Amino acid sequence: MQQPVVIENRTGAGGNIGADAVAKSPGDGYTLLMGTVGTHAINQALYAQSGSKMPFDPVKDFLPITLVAACRMSWSSIRSCR
């Protein structure tokens, strides 16, 4: 790749602090987010229940690039993850 990469971990609020920083960054393709079910589904439902509003829109503010992993819900074994 021969390109420097900077990784900036922004923790807190179930991933919302980092996701909000990425949502507000320029859409130039240089800033990426490893989104999770927490930042894009669970937190939205939790904030709605508490009467608060998310600082970003998980659907409109991000563009998916690729699927990193998929897991079948199975109680028998963790080997179902690929």
Side-chain angles (χ1 to χ4, degrees):
M1 192 158 110
Q2 301 300 319
Q3 184 74 16
V5 175
V6 176
I7 298 172
E8 183 177 343
N9 292 317
R10 292 203 181 179
T11 62
N16 281 359
I17 293 174
D20 185 42
V22 172
K24 291 177 179 165
S25 68
D28 56 12
Y30 286 101
T31 305
L32 301 175
L33 171 72
M34 179 90 170
T36 66
V37 68
T39 58
H40 284 73
I42 295 171
N43 291 350
Q44 187 174 19
L46 291 175
Y47 270 70
Q49 284 183 345
S50 68
S52 300
K53 188 175 181 202
M54 293 273 286
F56 58 90
D57 185 321
V59 176
K60 294 179 183 175
D61 292 339
F62 300 97
L63 180 67
I65 297 173
T66 189
L67 178 64
V68 176
C71 278
R72 289 177 275 163
M73 293 301 290
S74 172
W75 297 105
S76 62
S77 172
I78 198 164
R79 288 184 228 151
S80 61
C81 294
R82 46 182 160 107

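These numbers were taken from a predicted model, which means no experiment stands behind them. Atoms considered below: every heavy atom in the structure, side chains included; atoms not considered: hydrogens, waters and symmetry mates.
A side-chain hydrogen bond (donor to acceptor under 3.5 Å, both in side chains) check over residues 56-71, counting only residues at least two apart or in different chains, returns nothing. Residue pairs meeting the side-chain hydrogen bond (donor to acceptor under 3.5 Å, both in side chains) criterion with at least one member in residues 18-35, sequence neighbours excluded: D20-K24.
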Exercise answer: donor-acceptor pairs, residues 38-47 side-chain atoms, under 3.5 Å, sequence neighbours excluded:
| unit_1 | atom_1 | unit_2 | atom_2 | d |
| --- | --- | --- | --- | --- |
| T39 | OG1 | T36 | N | 3.0 |
| T39 | OG1 | T36 | O | 3.2 |
| N43 | ND2 | G14 | O | 2.8 |
| N43 | ND2 | N16 | OD1 | 2.9 |
| N43 | ND2 | G38 | O | 3.2 |
| Y47 | OH | N16 | ND2 | 3.4 |

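Qualifying side chain to side chain donor-acceptor pair (under 3.5 Å) partners for E8, counting only residues two or more places apart in sequence or in other chains: R10. F56 meets the ring pair (Phe, Tyr, Trp, His ring centres under 6.0 Å) test with F62; sequence neighbours excluded.
Here I65 is tied into one hydrophobic group with L32, each link being a pair of ILVMFWY side chains closer than 4.5 Å.
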